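These numbers were taken from a predicted model, which means no experiment stands behind them. Atoms considered below: every heavy atom in the structure, side chains included; atoms not considered: hydrogens, waters and symmetry mates.
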Amino acid sequence: MSSPVELNEKEASSASASSSADVTIPNATASKSTHVPRSSYASATRPNTASSTFSDPFASPESSRPPSIRPPLSPSSSHISFPQGLGLGGATNHVPRSVLNSSASRDSNLLGSPTAFGFSSARSSAARMSSATNSNSVYGVVPNSVSVLRHKAPRMKSHMLKEGEEVPKPWTEKKNPRAAISYWMVWFVFFLGVGGGAFQCYVQYKGVRIDKQPLCMVLDEQFDNPDKVFGEGGTFYREVSMDGFGNGQFEMTTASQNNSFVKDGKLYIVPTLTSDNIGSNAVFDQTVYNITECTFNETRPDNGFVLRQGERVFDVDGYVKACSRVSNATSGVVINPVQSARLSTIKSASIRYGRVEVRAKLPHGDWLWPAIWMLPKDNKYGVWPMSGEIDIMESRGNGLGYTAHGSNYVQGSLHWGPAPTLNGNPKTYSWWSNKRESFADKFHTYTLEWTDKWLRISVDSRLHTLLDLRFNKPFFDRGDFPPIISNGSSLVPLPNPWADGSNATPFDQDFYLILNVAVGGTNGWFPEAQGDKPWLDAAANPAHDFIKAIDKWYPTWSPTVEDRAMVVDYVKMWKHC
């Protein structure tokens with residue numbers, strides 16, 4: 001706030017006569033001087049010239065604003081007094097003339113040139129405000145107790161070395177031997193790892209077994225001509241049977257176009273319900289079903305004849321079981337509840353050592369059992385499994401959540417053993433899996449490479465190996481079989497059926513190819529208590545229990561043929577020339 005400006009008595013007495021006279025003040029409105037008595041001037045009130053500046057620092061002063069009045073300073077005066085409102089402590093303050101002159105000179109630089117009214121009004125309000133606050137002056141005079149309002153930035157930290165302090169030069173110091181050892185050890189381990197990895201890659205590359213024997217193609221079926229696939233002289237032979245093929249399978253295999261056909265250059269093997277043909281009641285009770293075109297006589301060894309008590313006789317019991325069934329609700333016997341197909345090259349192509357390729361898409365559906373596999377053509381070493389079996393691919397149609405390897409798993413294996421009750425399969429099987437994709441979602445290529453030294457089964461690439469086996473020792477030694485077995489009436493030493501063979505025996509004879517889609521079974525392929533399995537393998541009539549639970553598993557079978565079937569794109573077979 002502004003306060004009256006008064007001159008004390010001491011200053012008034014020391015002033016000259018001319019200075020003690022009336023003060024002449026320019027008239028802002030009339031452009032002429034006005035004489036004001038000293039006494040009146042002393043009691044005059046200074047206008048508040050700073051109010052507009054602080055309300056709007058960028059506004060120009062208004063023309064009607066009264067001018068500031070600054071008293072003339074006596075040249076002879078060495079001090080000037082301020083009223084108590086301008087000083088601190090409520091008393092009149094005395095400022096030496098030297099301080100006044102230096103302050104006035106500094107403020108004149110900030111506020112402009114002095115005029116009759118104080119300072120030039122050409123400067124902006126912001127400049128006057130800045131000078132009013134930063135120059136520590138009041139109307140050109142510096143109070144002796146006014147504090148500085150300017151905030152100074154903190155001084156930067158000095159990075160100069162202290163006097164007498166030396167610049168560190170670690171490169172001139174002697175290195176710590178342990179630090180040097182640690183440094184070089186890191187590089188040694190690094191190059192050791194790189195070199196070891198390169199050496200391992202080279203060894204693995206050189207160790208990959210490649211069949212270098214020349215190959216001659218014996219079968220190239222692209223399914224371009226449906227008339228050459230089935231029938232007399234066709235590529236595939238339809239096996240027709242109801243006996244479960246030694247695994248207790250629930251389907252019957254037929255020669256019907258409903259279960260196997262060629263369409264748009266692809267082969268389809270489709271499972272269907274038997275009740276769709278003969279009705280549900282016939283499946284469960286009082287129906288005699290004789291399968292059409294039963295192939296028992298053609299697919300069994302020696303055309304269905306067996307030796308009994310040293311005499312060669314026709315196996316009637318086997319024929320009835322394979323070709324006929326009678327349903328009975330009282331006993332729980334049902335006609336095979338599913339119909340499917342089993343196709344083989346037994347009459348068209350077989351190989352001993354060579355290569356097989358099958359490109360196929362597997363079926364969706366619980367308890368479906370698709371397979372691509374091979375059996376010996378002549379059973380040179382005896383009945384199964386003494387003459388061996390090669391499974392190029394086996395899978396399950398159950399979904400990815402099935403806990404016993406569902407449709408995202410494919411398995412390759414060998415079956416072999418010196419007796420029907422002894423099977424060395426657990427020692428020669430493996431699988432490949434996809435984590436989030438079913439092998440029923442798209443086509444994959446299943447490959448068998450087979451020589452007299454080794455056998456390899458893979459899917460899509462040699463890197464995706466289902467089974468990789470060297471024939472580096474006899475299979476009889478590989479099996480760790482017991483030395484004594486029971487022949488039904490007594491204990492006898494276990495004979496070695498491959499004693500006169502090589503390390504590859506029994507896989508040193510001609511094998512033919514089989515494609516089929518089975519359903520269920522009692523041989524353990526579908527483990528007990530896995531995936532809400534609706535039957536027990538040891539039950540009296542597991543097929544009956546299976547079909548009674550149709551509401552649980554049939555909805556998982558796709559209604560479209562393309563997804564329910566195993567679809568085959570092509571089949572190729574080569575043998576060593």
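Panel note: side chain Thr345, backbone Tyr512; no donor-acceptor pair is recorded below 3.5 Å. With hydrogens and angles ignored, the 3.5 Å screen pairs no side-chain donor or acceptor of Asn336 with any backbone N or O of Thr274. Using a distance-only test at 3.5 Å, with no hydrogens or angles considered, a donor-acceptor pair links the side chain of Gln509 to the main chain of Ser387. Asp545 places no side-chain N or O within 3.5 Å of a backbone atom of Trp535 that could act as its donor or acceptor partner. Counting only distance, with no hydrogens or angles, the side chain of Lys533 and the backbone of Phe526 share a donor-acceptor pair below 3.5 Å.
Judged by distance alone, the side chains of Tyr237 and Glu298 do bring a donor and an acceptor atom under 3.5 Å apart. Side-chain polar atoms of Gln339 and Asn277 form a donor-acceptor pair below 3.5 angstrom. For the residue pair Tyr381/Asp500, the side-chain donor-acceptor check at 3.5 Å is not satisfied. Using modelled atom types, one finds a donor on one side chain and an acceptor on the other under 3.5 Å when comparing Ser324 with Asn290. Checking Gln249 against Asn247 by side-chain atom types alone, a donor-acceptor pair falls below 3.5 Å.
A cation-pi geometry, defined here as NZ or CZ lying under 6.0 Å from the six-membered ring centre and within 45° of its normal, does not hold between Arg359 and Tyr446. Under the 6.0 Å distance and 45° angle rule, Lys548 counts as a cation-pi partner of Phe284. Arg325 forms no cation-pi arrangement with Tyr289, by the criterion of a distance under 6.0 Å to the ring centre and an angle within 45° of the ring axis. Stacking of Lys572 on the aromatic ring of Tyr570 is recorded, both the 6.0 Å distance cut-off and the 45° axial limit being met.
Classification of Glu239 and Arg342 as a salt-bridged pair holds, one side-chain N sitting under 4.0 Å from a carboxylate O. Salt-bridge check for Asp315 with Arg308: passed, with a basic side-chain N closer than 4.0 Å to an acidic carboxylate O. Salt bridge Asp452/Arg352: absent, no basic N to carboxylate O contact under 4.0 Å. Look at Arg355 and Glu357 and you find a salt bridge, because one of the NZ, NE, NH1 or NH2 atoms lies within 4.0 Å of a carboxylate O, short of that distance. Using a cut-off of 4.0 Å between Lys/Arg side-chain N and Asp/Glu carboxylate O, Lys361 and Asp563 are scored as salt-bridged.
Centroid-to-centroid, the aromatic rings of Trp450 and Trp454 stay 6.0 Å apart or farther.
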Donor-acceptor contacts under 3.5 Å from residues 465-473 side chains, at least two apart:
from   : atom 1 : to     : atom 2 : distance (Å)
Thr465 : OG1    : Arg462 : O      : 2.7
Asp468 : OD1    : Arg209 : NH2    : 2.1
Asp468 : OD2    : Arg209 : NH2    : 2.9
Asn472 : OD1    : Arg478 : NH2    : 3.4

Taking only distance into account, with no hydrogens and no angle test, what donor-acceptor pairs under 3.5 Å do side-chain atoms of residues 393-404 form with protein atoms, sequence neighbours excluded?
from   : atom 1 : to     : atom 2 : distance (Å)
Glu394 : OE2    : Trp369 : NE1    : 3.3
Ser395 : OG     : Tyr409 : O      : 2.8
Arg396 : NE     : Trp525 : O      : 3.0
Arg396 : NH1    : Ala404 : O      : 3.1
Arg396 : NH1    : His405 : O      : 3.3
Arg396 : NH2    : Trp525 : O      : 2.8
Asn398 : OD1    : Trp367 : N      : 3.0
Thr403 : OG1    : Gln530 : OE1    : 2.2

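Shown here for Ala539 and Pro542, the closest heavy-atom pair between the two residues is O-CD, 3.4 Å. Closest of all the heavy-atom pairs between Ala419 and Ile485 is CB-CD1, 4.3 Å. Smallest separation of non-hydrogen atoms from Gly412 and Ile457: CA-CD1, 4.3 Å. Residues Asp366 and Thr556 share a closest heavy-atom pair of N-OG1, 3.0 Å. Residues Val218 and Ala349 share a closest heavy-atom pair of O-CB, 4.3 Å. Among all heavy-atom pairs drawn from Gly365 and Trp557, the shortest one is CA-CD1, 3.6 Å.
For Phe261, the CZ atom is densely surrounded, since the number of other residues' heavy atoms within 6.0 Å is greater than 12. Remark: Asn328 CG is packed, more than 12 non-hydrogen atoms of other residues, nucleotides or ligands lying under 6.0 Å away. The 12-atom threshold is not exceeded at CZ of Phe188, counting heavy atoms of other residues, nucleotides or ligands nearer than 6.0 Å. In Asn487, the CG atom is crowded: over 12 heavy atoms of neighbouring residues, nucleotides or ligands sit closer than 6.0 Å.
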Working for ring-ring contact (aromatic ring centres under 6.0 Å, His included), residues Phe507 and Phe475
CA-CA 10 Å; Phe507 302 101; Phe475 275 87; 5.4 Å; yes
When you look at Ser438 and Asn408, which way does the side chain to side chain donor-acceptor pair (under 3.5 Å) test go after all the steps?
CA-CA 4 Å; Ser438 170; Asn408 58 321; over 6 Å; no
ring-ring contact (aromatic ring centres under 6.0 Å, His included) evaluation trace for Trp416 with Phe481:
CA-CA 12 Å; Trp416 46 277; Phe481 299 114; 5.8 Å; yes
Please assess Thr253 against Arg238 for the test side chain to side chain donor-acceptor pair (under 3.5 Å), listing each intermediate value before the final yes or no.
CA-CA 8 Å; Thr253 59; Arg238 289 172 167 141; over 6 Å; no
Should Asp391 and Ser413 be marked as a side chain to side chain donor-acceptor pair (under 3.5 Å) after you check the CA-CA gap, both sets of side-chain angles, and the distance that decides it?
CA-CA 5 Å; Asp391 294 335; Ser413 65; 3.1 Å; yes
Between Asp510 and Lys380, does a salt bridge (Lys or Arg N to Asp or Glu O under 4.0 Å) hold up when you go through it step by step?
CA-CA 9 Å; Asp510 284 348; Lys380 179 179 178 180; over 6 Å; no
Run the side chain to side chain donor-acceptor pair (under 3.5 Å) check on Thr272 and Asn259 step by step: do they pass?
CA-CA 7 Å; Thr272 60; Asn259 304 119; 3.1 Å; yes
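The shortest distance between side-chain heavy atoms of Lys266 and Phe223 does not fall below 4.5 Å. Between Tyr268 and Val567 there is a side-chain heavy-atom pair separated by less than 4.5 Å. At least one side-chain heavy atom of Thr287 sits under 4.5 Å from a side-chain heavy atom of Ile335. For the pair Val410/Trp431, no side-chain contact is recorded, criterion being any heavy-atom separation below 4.5 Å from C-beta on. Between Trp432 and Asp460 the shortest side-chain heavy-atom distance does not fall below 4.5 Å. Between Pro420 and Val383, some side-chain heavy-atom pair lies under the 4.5 Å cut-off. You'll find the side chain of Trp553 reaches within 4.5 Å of the side chain of Ile550, heavy atoms only. Two residues are said to be in side-chain contact when any heavy atoms from C-beta on lie closer than 4.5 Å; Val189 and Trp187 fail this criterion.
Below 30°, between 30° and 60°, or above 60°: for Phe314 and Phe296 the angle between ring planes is above 60°, a perpendicular geometry.
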